[in-house]
Amino acid sequence: MKICLKGGQVFVNNHISRQDILIDNDRISQIAPQINCSEAQIVSLNPQQVIAPGFIDVHVHLREPGFTQKETIKTGTLAAAHGGYTTVAAMPNVKPVPDTPQKLQAMVQLNQREAQVHVLQYASITKERTSEQLVDFAGMKAAGAFGFSNDGSGVQSANTMYQAMQAAHQVNLPLMAHIEDESLMNQGVMNAGATAQRLCLPGILPVAETAQLARDLELAAATGVHYHACHVSTANSVALIRFAKQRHLNVSAEVAPHHLLLDESMITKDNPQLKMNPPLRTLSDRQALLAGLLDGTIDMIATDHAPHTVADKAGSMKTAAFGITSLETSFPLLYTHLVQPGICSLAQLIQWLSVKPAQVFNLTQAGQLASGLPADLTILNVQDETTIKAQHMYSQGLNSPFIGAPVTATIQATMVGGQWVYRKEQA
């Protein structure tokens, strides 16, 4: 079946211009200013609709198996499609942990059966994800691992991390680091500082992140591994990563939307919806994260989508779970608060959400629109004022502080392999 997308703007080669796209079965067959679509189903777009390569999120939690009361692969990937994502990479903090080739292979097969978008699967770095015993790195790669991560827990032993980096480098796969020195966490629930003191809540020291990051960057220099810093949250972390890149280390980094858009000054009461790990830091940290994104120190935006049940997020920050859902709110919020005010361009935002993740992780079939590539794309409506509403979400997790927030852009539709996986209902 052929589909012709006509009348919209198209992001091609890092520029947005008026183009048509012809899709033949699962692939793009032509991109040109005017295409003869006589033999295709025509989808007419408006000038305010922009066709972008499907977004890529290298950091999501789909919760299945083991925690399906929070999310399933199907609901999580439907949420991804609703947010414009055509490829997501799933963290291994599920049950059972994919810490053997057999378990990982079963996880990959489950993703293939249930997912509505492409899912790349991480293996854990160590057995059970929190031990010091390394997994079979070569076996994991053969079973389909995209990379290795103990996300949710930092690797506490320097020697374990050093050996893991050596093993990951040997099989040429990235190591994704949840950067957290547990001895410096102090059972905290938000950033340590004046706001935590005023609310009488235990604080997490910023050095819990930066101390382990500094250690890891030296280990990455010694091993040559592709080291990826997950959910960077402090100004000092940005400075460390900037210096590592100046040293030409094989280092990449991500920032989450909530760390770009929120800071601890916005926590005015004990609010579990604002509890996340790493926590919201200071305004100066938030400004440094944005500056790092703009100058290329931070490579990409990744959501750290972390769905929870209503009960998980009830009560006090002292007892509620860490994390927020982000797949469905990421683009509308980032467009509204970064593109609309002129802080960045729409082309830059698309690069951070799609182009850069594909480049950094060598995803040659994603992150761009070109003839011969899979028809994985999202249609953005950049003149659509609305409000983020829980009843419109596909994720089982409704734990977001952004519910009720006004936005000025939405996802119109998402296509994976030439098939529509999300289309916004017309009013």
(message) side chain to side chain donor-acceptor pair (under 3.5 Å), that's the test. Do His305 and Asp57 meet it? Break it down for me.
(response) CA-CA 9 Å; His305 175 76; Asp57 192 343; over 6 Å; no

(message) Using side chain to side chain donor-acceptor pair (under 3.5 Å), reason through Thr309 and Gln69 one step at a time and then give a plain yes or no.
(response) CA-CA 7 Å; Thr309 66; Gln69 73 276 17; over 6 Å; no

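For the residue pair Thr210 and Leu240, the shortest heavy atom distance occurs at O-CD1, 3.7 Å. The minimum heavy-atom distance between Thr378 and Pro53, with the atom names listed, is CG2-O, 4.1 Å. Val119 and Ala90 make their closest contact through CG1-CB, 4.1 Å (heavy atoms, listed as atom of the first residue, atom of the second, distance). Nearest heavy-atom pair, Pro374 versus Ile28, reported as atom, atom and distance to 0.1 Å: O-CD1, 4.1 Å. Gln351 and Pro357 get closest at one heavy-atom pair: O-CD, 3.7 Å.
Panel note: side chain Thr68, backbone Glu64; no donor-acceptor pair is recorded below 3.5 Å. Under the 3.5 Å distance criterion, the side-chain polar atoms of Tyr422 are left unmatched by any main-chain donor or acceptor of Ala80. In this structure, Asn236 contributes its side chain and Val207 its backbone to no donor-acceptor pair below 3.5 Å. Side chain of Asn381 to backbone of Ala409: no donor-acceptor contact under 3.5 angstrom is found. With hydrogens and angles disregarded, no donor-acceptor distance shorter than 3.5 Å links the side chain of Asn150 to the backbone of Ser153. Remark: side-chain polar atoms of Thr303 are not paired, donor with acceptor, to backbone N or O of Ser326 under 3.5 angstrom. The backbone N or O of Glu182 lies less than 3.5 Å from a partner atom in the side chain of Gln156, making a donor-acceptor pair. No donor-acceptor pair under 3.5 Å is formed between the side chain of Thr410 and the backbone N or O of Gln412. Side chain of Ser354 to main chain of Ile350: no donor-acceptor pair is present (N/O by atom type, distance under 3.5 Å, no hydrogens or angles). Counting only distance, with no hydrogens or angles, the side chain of Arg423 and the backbone of Thr414 share no donor-acceptor pair below 3.5 Å.
Using a 4.5 Å heavy-atom cutoff, the side chains of Phe322 and Asp312 are not in contact. With a 4.5 Å cut-off on side-chain heavy atoms, Leu294 and Leu290 count as touching. Contact of the Arg129 side chain with the Asp151 side chain is not registered, since no non-hydrogen atoms from C-beta on lie closer than 4.5 Å. Between Leu377 and Leu5, the closest side-chain pair of non-hydrogen atoms falls below 4.5 Å. Within the 4.5 Å cutoff, the side chain of Ile267 has heavy atoms near those of the Leu280 side chain. Taking 4.5 Å as the limit, every side-chain heavy atom of Ile379 sits out of range of all side-chain heavy atoms of Ile411.
Enclosure of atom CD in Gln419 is not indicated, since only 12 or fewer non-hydrogen atoms of other residues, nucleotides or ligands lie within 6.0 angstrom. Atom NZ of Lys245 is surrounded by more than 12 heavy atoms from other residues, nucleotides or ligands within 6.0 Å. Within 6.0 Å of atom CD in Gln187, 12 or fewer heavy atoms from other residues, nucleotides or ligands are found, so the atom counts as exposed in its surroundings. Counting non-hydrogen atoms of other residues, nucleotides and ligands closer than 6.0 Å to CG of Asn13 gives a total of 12 or fewer.
Between Asp295 and Arg242, at least one side-chain nitrogen of the basic residue sits less than 4.0 Å from a carboxylate oxygen of the acidic one, meeting the salt-bridge criterion. For Lys318 and Asp270, the salt-bridge test fails: no basic side-chain N is under 4.0 Å from an acidic carboxylate O. The pair Arg247-Glu218 meets the salt-bridge criterion, with a side-chain N (NZ, NE, NH1 or NH2) lying under 4.0 Å from an Asp/Glu carboxylate O. Salt bridge absent: Asp99 and Lys127 never bring a charged side-chain N and a carboxylate O closer than 4.0 Å.
When Thr87, Asp376, Thr86 are each tested for a side-chain hydrogen bond (donor to acceptor under 3.5 Å, both in side chains) with His118, only one passes: Asp376.
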Atom pairs and distances, donor-acceptor, side-chain atoms in residues 164-175, under 3.5 Å, two or more places apart:
from: Gln166; atom 1: NE2; to: Tyr162; atom 2: OH; distance (Å): 3.4
from: His169; atom 1: ND1; to: Gly224; atom 2: O; distance (Å): 3.3

Quick one: side chains of residues 331-339, donor-acceptor pairs under 3.5 Å with protein atoms, not counting sequence neighbours, listed by atom name and distance.
from: Thr336; atom 1: OG1; to: Pro332; atom 2: O; distance (Å): 2.6
from: Thr336; atom 1: OG1; to: Thr408; atom 2: N; distance (Å): 2.9
from: Thr336; atom 1: OG1; to: Thr408; atom 2: OG1; distance (Å): 3.3

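Taking the six-membered ring for Trp and the full ring otherwise, His231 and His259 have centroids separated by 6.0 Å or more. Aromatic rings of His226 and Phe361 (six-membered ring for Trp) have centroids within the 6.0 Å cut-off, being under it.
Note on ring orientation: taking the six-membered ring where Trp is involved, the planes of Phe148 and Phe137 are tilted (angle from 30° to 60°).
Side-chain polar atoms of Ser17 and Gln19 form a donor-acceptor pair below 3.5 angstrom. No side-chain donor from either of Ser316 and Thr319 sits under 3.5 Å from a side-chain acceptor of the other. Looking at Asp181 and Ser183, their side chains do bring a donor and an acceptor atom within 3.5 Å of each other. In this structure, a donor-acceptor pair under 3.5 Å is present between the side chains of Arg281 and Ser233. A donor-acceptor contact closer than 3.5 angstrom is absent between the side chains of Lys313 and His308. Looking only at atom types and distance, the side chain of His61 has a donor-acceptor partner in the side chain of Asp304 under 3.5 Å away. For Tyr227 and Ser252, the side-chain atoms include no donor-acceptor pair closer than 3.5 Å. Thr160 and Glu132 share a side-chain donor-acceptor pair at under 3.5 Å.
Rounding to the nearest 0.5 Å places CD of Gln348 at 12.0 Å from CG of Leu353.
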